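Quick note: numbers below take in every heavy atom, side chains included, and nothing from hydrogens, waters or symmetry partners. Please read all numbers here as calculations on a predicted model, not as lab measurements.
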Amino acid sequence: MATIVIGIEDSLRAQDAVALGGELARACGADVRAVCAYPYDTRPAAHFNASMRDPLREAAEATLEALCEPLSDLPVVDRVAVPDPSP
């Protein structure tokens with residue numbers, strides 16, 4: 001089974017990417033993995049503020065939830081929020 005990966009951010013471009021990815025998934029029966037990176041570095045040496053990790057992750061998850069709504073008719077839509085200092 002094929003998987004289509006869609007990069008998600010809170011923008012009109014991401015809405016277009018979701019629409020295209022959804023059409024491709026429907027046409028070929030593929031699964032979808034929607035990924036939203038949020039600015040956080042998990043390495044201790046990076047000295048990121050640990051109290052910010054949860055709010056940043058929650059914001060990314062909310063973005064995924066909102067922008068993936070048009071994909072609700074697909075059987076598999078995996079939503080992944082990923083910490084990365086350079087998304």
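- From L71, atom CG reaches atom CZ of R26 across 6.0 Å, with rounding to the nearest 0.5 Å.
- The stretch residues 62-71 participates, sequence neighbours left out, in no side chain to side chain donor-acceptor pair (under 3.5 Å) pair at all.
- Contact record, L56 with P39: CD1-O, 3.4 Å, taken as the closest heavy-atom pair.
- C36 contributes atom SG, which lies 12.0 Å from atom CZ of R79 (distance to the nearest 0.5 angstrom).
- V32 and L24 fall within a single hydrophobic cluster, where Ile, Leu, Val, Met, Phe, Trp and Tyr are joined by side-chain heavy atoms under 4.5 Å apart, directly or via other members.
- The number of heavy-atom neighbours closer than 6.0 Å to CG of D78, taken from other residues, nucleotides and ligands shown, is above 12.
- With rounding to the nearest 0.5 Å, the separation of OH in Y40 from CG in D84 is 13.0 Å.
- Applying the side chain to side chain donor-acceptor pair (under 3.5 Å) rule to D31 yields no partners; only residues at least two apart in sequence or on another chain are considered.
- Under the 4.5 Å side-chain contact rule for hydrophobic residues, F48 and V82 do not share a cluster.
- No side-chain heavy atom of V35 sits under 4.5 Å from any side-chain heavy atom of I6.
- One distance of note links CG of D54 with CE of M52; it measures 10.0 Å at 0.5 Å rounding.
- Listed by chain and residue number, nothing satisfies the side chain to side chain donor-acceptor pair (under 3.5 Å) test with R53 (two or more places apart in sequence, or in another chain).
- Taking the side chain to side chain donor-acceptor pair (under 3.5 Å) definition, one finds that D16 meets it with nothing, sequence neighbours left out.
- Heavy-atom minimum distance, A34 versus C68: CB-SG, 3.5 Å.
- From R33, atom CZ reaches atom CD1 of I8 across 13.0 Å, with rounding to the nearest 0.5 Å.
- Between the CD atom in E9 and the CG atom in L67 there is a gap of 9.0 Å [rounded to 0.5 Å].
- Contacts classified as ring pair (Phe, Tyr, Trp, His ring centres under 6.0 Å) and involving residues 52-83 (residues at least two apart or in different chains) are not found.
- The side chain to side chain donor-acceptor pair (under 3.5 Å) check on T42 picks up nothing, with sequence neighbours excluded.
- With hydrophobic clusters built from ILVMFWY side chains whose heavy atoms lie under 4.5 angstrom apart, I4 shares a cluster with L20.
- Few gaps surround CZ on R57; more than 12 heavy atoms of other groups in view lie less than 6.0 Å from it.
- Cluster membership for V5 and V80, using ILVMFWY side-chain heavy atoms within less than 4.5 angstrom, is shared.
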